[in-house]
Amino acid sequence: MNIIVCVSQVPDTTTKIAVGADGKTIEKNGVKFILNPYDEYAIEEGLQLREKFGGTVTALTVGNDSSKDILRTALAMGADKAVLISDSGNSDTFGIAHSIAEYAKTVVPDLIILGRQSIDYDSFAMASMVGELLSLPSISMVSSWTINGSSITAERDIEGGKEVIEASLPCVISAQKGLNNPRYPKLPDIMKAKSKPIDAVTGASVPARVTTVSMELPQTQRRGIILNDSEHDITELVRLLHEDAKVI
Amino acid sequence: MKIIVLLEPSGNSIKRSSLESITAARALGATSIHGFMYGGDANSAQIAGEYGLSDIAHTPATEYSSTAAATSLAQFAKSESASAIIVAANAAGKEIAPRVAVKLEAGYIPDCVGLALVNGLIQGTRPVYAGKARIAVSATTAMSVYALRPNVFTARKAENATSVNVRTFTPQLSESDTRVKVTNVIRNEGKLDVLEADIIVSGGRGLKGPENFHLVENLADKLSAAVGASRAVVDAGWRPHGEQVGQTGKTVSPNMYVACGISGAVQHLAGMSSSKVIVAINKDKEAPIFKVADYGIVGDVFDVLPVLSQKIGAVTGK
Ligand SMILES: Cc1cc2nc3c(=O)[nH]c(=O)nc-3n(C[C@H](O)[C@H](O)[C@H](O)COP(=O)(O)OP(=O)(O)OC[C@H]3O[C@@H](n4cnc5c(N)ncnc54)[C@H](O)[C@@H]3O)c2cc1C
């Protein structure tokens with residue numbers, strides 16, 4: 001099975017965010033970048049499928065030189081190949097999906113696996129966009145699935161329950177937490193990954209379809225009424241919820 | 001400005017998030033709004049009239065396929081020469097909208113918590129970086145697609161209700177449109193999902209063990225609320241995965257969110273900070289959850305929850 005796993009580099013969730021000089025993106029200085037946590041599930045899923053069905057796992061990212069770190073993590077986990085598609089840095093989600101799709105057309109994979117969202121922009125759009133650009137079916141936020149020949153049966157969370165979905169290979173899926181337990185790369189593999197080649201591909205740049213007008217840090221407009229645990233205060237809380245906030 | 005709103009069937013009505021989308025389209029001052037519904041029973045959309053929507057196109061479908069739904073919606077929007085499409089950023093909307101945007105070469109703005117008309121352009125506001133920042137985004141294309149975070153926009157009835165005319169829209173589907181389909185839906189029996197609840201009572205590690213969650217469930221009962229959980233207690237196996245709120249769990253915006261024994265880690269806040277009213281109960285007065293709380297009680301959940309449940313029960317009559 002020929003598998004592409006798409007990975008992305010994101011700020012560590014615990015980093016403090018400040019607005020950059022352009023007023024539209026974050027200040028990148030001092031920010032620690034990591035492999036998007038959901039992409040670990042995507043890589044692991046690719047590796048497990050390769051172990052079961054044979055084939056190759058190609059880890060791919062659209063980014064710049066600094067994105068090599070996450071490709072090395074994917075190689076250390078066991079990916080066969082790594083591809084860095086260079087990007088102008090101005091691409092929107094569509095532009096990145098377009099670059100991924102253009103590369104995929106040259107390798108014709110059986111499966112493209114992504115993380116369910118990248119934790120920077122949380123757009124949840126990549127699987128559907130890549131699927132659309134390649135005229136392939138896609139299933140997002142897969143929490144469990146089986147592949148039988150070329151047919152897929154997958155489950156995904158919806159409001160109030162789960163959906164069972166059938167599709168066929170080739171297909172694009174995005175991985176939900178719980179799909180598997182991502183392996184930790186071992187030290188020797190981390191060392192070996194350092195000298196493995198990373199293929200450089202030039203991205204096809206397309207005009208962005210959306211543009212950020214401004215970025216700001218949200219101001220909380222919360223009431224901030226903090227009470228004690230006395231019976232009097234608990235009674236007061238209930239009164240406030242009933243009479244002021246009118247939520248009960 | 002002509003806007004198409006995706007209407008999702010739900011039982012014998014349509015989802016509240018669809019009514020929120022109609023209201024948002026009205027608030028933008030759309031010259032005309034048209035509903036589009038894929039599958040379900042077209043008559044169930046009558047309620048849209050109370051929200052000022054008179055024209056609904058319906059594509060009958062016996063099976064649900066996200067790709068066929070996307071193709072149908074895109075073809076309808078094109079036939080209407082619409083300038084914008086609004087869907088709910090729920091499980092279905094998040095799969096359909098990006099495909100529709102690609103088909104129509106439209107800019108896609110997901111997870112909007114605000115929509116405004118600025119110099120004739122629709123601007124969507126959305127949280128990014130786990131809610132640590134917000135961006136205002138607009139499309140550079142003639143057509144644009146917006147997904148609205150459910151329960152953030154309020155569904156408001158129109159001053160004058162209109163009668164609803166439902167027409168059938170027949171799309172041109174190809175074989176590649178139906179290669180993915182839903183074959184079964186498994187409902188969580190008897191349990192309210194955090195994504196559908198007006199009120200959520202969530203418990204965290206402060207509950208000390210799964211055997212103490214009856215304290216949380218009891219308060220949830222008095223409020224007709226859903227039970228939610230932090231990742232720490234889901235990972236520990238105390239609560240099922242479906243209850244997890246946060247960046248790796250579900251993103252919710254209920255009318256009231258009660259966090260019990262939850263510290264308020266940024267990944268948890270990412271999933272609930274757009275709740276309308278936030279209540280926190282935590283014994284550590286420095287816990288970050290208090291920074292986003294409207295109301296807080298500094299105290300031990302084991303002491304506070306039974307008293308609070310009893311007093312709330314007296315108000316709600318449960
Ligand atoms: C990539 C990533 C994704 C994540 N996604 C999520 C997510 O989706 N959702 C999520 O919730 N977390 C997520 N986390 C984990 C998050 O960082 C926190 O670890 C988690 O939210 C902590 O859960 P908690 O608040 O229950 O536990 P703790 O942080 O341990 O907090 C327990 C709180 O209970 C209080 N307490 C203790 N005893 C009592 C008592 N008797 N009475 C009252 N209060 C008491 C304590 O003061 C403390 O504030 C994620 C982390 C990462 C790295």
Side-chain angles (χ1 to χ4, degrees), chain A residues 11 13-14 17 19 26 93-94 119-125 128-129 132-133 135 137-140 157-168 177-178 208-218 220 222-229 231 233-235 237-238 240-242 245 247-248, chain B residues 67 90-91 94-95 98-99 102-103 107-111 123 128-130 132-141 176 179-188 193 195-196 223 241-242 247-248 255-256 266-267 277-278 290 292-299 303-304 307-308 311-312 315-316:
Chain A
T13 33
T14 51
I17 294 293
V19 180
I26 56 162
T93 311
F94 170 74
I119 60 163
D120 46 5
Y121 273 58
D122 292 323
S123 295
F124 290 89
S128 304
M129 281 195 178
E132 182 62 33
L133 286 166
S135 297
S138 61
I139 314 173
S140 37
D157 294 336
I158 56 164
E159 294 77 21
K162 275 179 188 297
E163 241 171 28
V164 181
I165 294 179
E166 279 178 17
S168 56
K177 176 188 167 230
R209 292 180 176 175
V210 295
T211 168
T212 299
V213 179
S214 61
M215 172 183 273
E216 53 186 43
L217 304 185
T220 52
R222 297 285 169 188
R223 296 178 181 85
I225 300 173
I226 309 298
L227 304 163
N228 272 313
D229 58 355
E231 183 159 358
D233 274 19
I234 297 175
T235 307
L237 171 66
V238 176
L240 286 166
L241 293 175
H242 186 52
V247 280
I248 56 172
Chain B
T67 44
N90 56 16
K94 284 194 279 203
E95 280 208 313
R99 283 190 177 262
V102 170
K103 284 176 199 289
Y108 172 46
I109 307 183
D111 200 22
Q123 224 172 64
V128 290
Y129 299 104
K132 284 185 279 189
R134 256 177 202 220
I135 51 172
V137 189
S138 59
T140 57
T141 46
S176 74
R179 274 184 282 174
V180 55
K181 58 176 190 248
V182 174
T183 53
N184 194 13
V185 173
I186 307 160
R187 295 260 150 228
N188 300 338
D193 186 343
L195 287 172
E196 297 180 310
L223 290 162
H241 187 256
Q247 198 170 29
T248 354
N255 293 340
M256 173 160 78
V266 57
Q267 299 90 353
V277 171
I278 296 175
F290 286 124
V292 299
D294 292 286
Y295 303 103
I297 289 203
V298 181
D303 302 330
V304 175
V307 183
L308 183 62
K311 289 191 188 295
I312 284 184
V315 176
T316 59

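In the text below, chain A, chain B and the rest are named by the order of the sequence lines, each starting its count at 1.
- Rounding to the nearest 0.5 angstrom, the gap separating the NE2 atom in B:H241 from the NZ atom in A:K177 is 4.0 Å.
- The closest side-chain heavy-atom distance from B:I278 to A:R222 is below 4.5 Å.
- Note that OH of B:Y295 is 6.0 Å distant from CG of A:L241, once rounded to the nearest 0.5 Å.
- Side-chain contact annotation: A:S128 with B:E95, donor-acceptor N/O pair under 3.5 Å absent.
- From A:I26, atom CD1 reaches atom NZ of B:K132 across 8.5 Å, with rounding to the nearest 0.5 Å.
- Listed options B:D111, B:T67, B:I312 were ranked by heavy-atom pairs under 4.5 angstrom with chain A; first place goes to B:I312.
- Separation of atoms CD1 (A:I158) and CG (B:N188) is listed at 9.0 Å; rounding is to 0.5 Å.
- For a residue to count as touching a neighbouring chain, one of its non-hydrogen atoms must lie under 4.5 Å from one of that chain's; by this rule B:V277 touches chain A with backbone and side chain alike.
- Looking at B:P110, only its side chain comes within 4.5 Å of chain A, counting heavy atoms on both sides.
- With contacts defined as side-chain heavy-atom distances shorter than 4.5 Å, the pair A:M129/B:R99 does not qualify.
- Smallest separation of non-hydrogen atoms from B:A91 and A:D157: CB-O, 4.0 Å.
- Between A:I165 and B:T183, the closest side-chain pair of non-hydrogen atoms is not below 4.5 Å.
- Per-residue counts of heavy-atom pairs under 4.5 Å with chain A were compared for B:V292, B:V266, B:I109; the largest is that of B:V292.
- Put simply, the side chain of A:V164 does not reach to within 4.5 Å of the side chain of B:V182, judged on heavy atoms.
- Ranking B:L223, B:D303, B:T141, B:T316 against chain A, the residue ahead of the rest is B:T141, based on heavy-atom pairs under 4.5 Å.
- The shortest non-hydrogen separation linking A:F124 to B:P98 is O-CG, 4.5 Å.
- Within the 4.5 Å cutoff, no side-chain heavy atoms of B:T140 are placed close to those of A:V210.
- Atom-to-atom distance recorded for A:E159:CD and B:L195:CG is 5.5 Å, nearest 0.5 angstrom.
- Between B:V128 and A:D120 the shortest side-chain heavy-atom distance does not fall below 4.5 Å.
- Using a 4.5 Å heavy-atom cutoff, the side chains of B:V185 and A:K162 are not in contact.
- Residues B:V102 and A:L133 form a side-chain contact, since some pair of their non-hydrogen atoms from C-beta on lies under 4.5 Å apart.
- In this structure, chain B has no heavy atom under 4.5 Å from any part of A:T93.
- Residue B:K181 places its NZ atom among 12 or fewer non-hydrogen atoms of other residues, nucleotides or ligands, all under 6.0 Å distant.
- No other option in B:G242, B:S138, B:A293 has as many heavy-atom pairs under 4.5 Å with chain A as B:S138.
- Both the backbone and the side chain of A:Y121 come within contact range of chain B, with heavy atoms under 4.5 Å apart.
- For the atom pair CE of A:M215 and CZ of B:R134, the computed distance is 12.0 Å after rounding to the nearest 0.5 Å.
- Using modelled atom types, no side-chain atom of B:K94 and backbone atom of A:S140 make a donor-acceptor pair closer than 3.5 Å.
- Among all heavy-atom pairs drawn from A:P137 and B:V180, the shortest one is CB-CB, 3.9 Å.
- The two residues B:L308 and A:L237 have their closest heavy-atom pair at CD1-CD2, 3.8 Å.
- Nearest heavy-atom pair across A:D122 and B:A130 is OD2-N, 4.0 Å.
- Side chain of B:R179 to main chain of A:S135: a donor-acceptor pair is present (N/O by atom type, distance under 3.5 Å, no hydrogens or angles).
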